Amino acid sequence: MKKFIKKEVLDIEISGIRKFNQMADNYKDVIKLTIGELDINTPERILEKTRIALDHNETKYTTNAGLIELRKEIIKKYNSTYKTSYTTNEIIITVGTTEALSIIIKSIIEKDDEVIIPAPGYVGYEPLITLENGKVVLVDTVKSDFRITKESLEDAYTSKTKCLIITNPNNPTGHVLDNEEIDAIKDFVLRKDILLISDEIYSDIVFQGNFSSFIQFNELKNNLVVLNGFSKSHAMTGYRIGYLIANDSLTQEFLKVHQYNVTCASRISQIAALDAVRFTFHKMIRTLERRREFCMLKLGALGIPYANPDGAFYIFADISKTGLTGEEFSLELLKYGVAVIPGEYFLGGYKNYIRIAYTQDITELNEAFKRIDKYLNSKK
């Protein structure tokens, strides 16, 4: 009975993204461009490592923080790439980045603390903050071409601000922070002495230039937690392996919450990740880049504006010219056999937008855009 459930749980909802994705299953012959899960399979070399782990009965607990070999490999990669000096005590292997974020929020957020998040943003952040009686303060980036500005951060700040959450590349827009934005965020965090949580789960999927992590700034170390994982970069969503990196004084506190949450991440998944961290899935990235170009070309031909997606595998498209909200548009489009996600379902509630996930091959995408074109023509 609901009388046993605390108010904060009653106040949150199941993700609109997940609900809409499930609702699309009620329609026949639907091309689903909804959730962030690719049609591309996990690389065979990772599957083989998984089989070997099973054959060798690798089914016991690991240490709470995760396999030392995996932690060493990840830290080695970051230290080599960004000339940093993190240690294996400064990383925790988690059950996806979702658990990483959950234990951070549980560890730092107290009643009435405020968390700044740029919008549009991933819907999964706010409920975790609500559960801890915190408050989300949104920064609207649409008016600045989806860029974060120094002024917008300053306007969002109050004496109750505890941290800032950045998703780079962004979900749902695919926007990748440029150097000016990175410098503005870094300076803001240091001046206000707040915590920066940088969710970099899509960092390997960048199409223009090189990705730049906040971990490169040694001066940020006491104010920074970096989140990453293998779900998106190596098509390993079901393995549920992520990690967080932060200074030792933070990770030792996060480790307490992680231990009581899950004990440790799956040993078999960690062994698979140990191989994944050693290579970049270039074939997948090239495939996604071709899909990106195809979707941009098709949206341009349809006269539908969109946020320029330099990373991840989403396009945030402006359907305001139809006179419908994103939800109305998406529901109507379902009847034509295409499922996309309404913009209202993301942080900020952007009713003039839809998110298209180019998670299907180009043949499917081509058919999807034919159906979108047919739908739009039906409204003329």
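If you're wondering where the values come from, they're calculated on a predicted model, not measured in any experiment.
A salt bridge between Asp310 and Arg292 is present, with a side-chain N of the basic residue lying under 4.0 Å from a carboxylate O of the acidic one. Note on Lys32 versus Glu37: no salt bridge recorded, every NZ/NE/NH1/NH2 to OD/OE distance being 4.0 Å or above. The pair Arg371-Glu367 meets the salt-bridge criterion, with a side-chain N (NZ, NE, NH1 or NH2) lying under 4.0 Å from an Asp/Glu carboxylate O. Using a 4.0 Å cut-off between charged side-chain N and carboxylate O, Lys150 and Asp187 make no salt bridge.
Remark: Thr62 engages Gln270 in a side-chain hydrogen bond (donor to acceptor under 3.5 Å, both in side chains) (not counting sequence neighbours). Lys106 is linked by a salt bridge (charged side-chain N to carboxylate O under 4.0 Å, His left out) to nothing, counting only residues two or more places apart in sequence or in another chain. The side-chain hydrogen bond (donor to acceptor under 3.5 Å, both in side chains) check on His258 picks up Glu99, with sequence neighbours excluded.
For the pair Lys192 and Tyr157, the cation sits on the ring face: its NZ or CZ lies under 6.0 Å from the ring centre, inside 45° of the axis. With Phe217 as the aromatic partner, Lys186 meets the cation-pi criteria of under 6.0 angstrom to the ring centre and within 45 degrees of the ring axis. Figure legend: cation-pi geometry between Arg45 and Phe279, with NZ or CZ positioned under 6.0 Å from the six-membered ring centre and within 45° of its axis.
Aromatic rings of Tyr202 and Tyr314 (six-membered ring for Trp) have centroids within the 6.0 Å cut-off, being under it.
Aromatic ring orientation, Tyr358 versus Phe207: tilted (interplanar angle from 30° to 60°). The aromatic rings of Tyr243 and Phe230 sit tilted, their planes meeting at an angle between 30° and 60°.
Screening Ile74, Thr251, Asn228 against Ile91 for a side-chain contact (heavy atoms from CB on, under 4.5 Å) leaves a single residue, Ile74.
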Practice prompt. Please lay out, stage by stage, how Glu364 and Arg291 fare under the test salt bridge (Lys or Arg N to Asp or Glu O under 4.0 Å).
Written response: CA-CA 10 Å; Glu364 288 287 279; Arg291 293 180 184 182; over 6 Å; no

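Scanning all heavy atoms of the two residues, the minimum distance from Lys221 to Asn247 falls at O-ND2, 3.3 Å.
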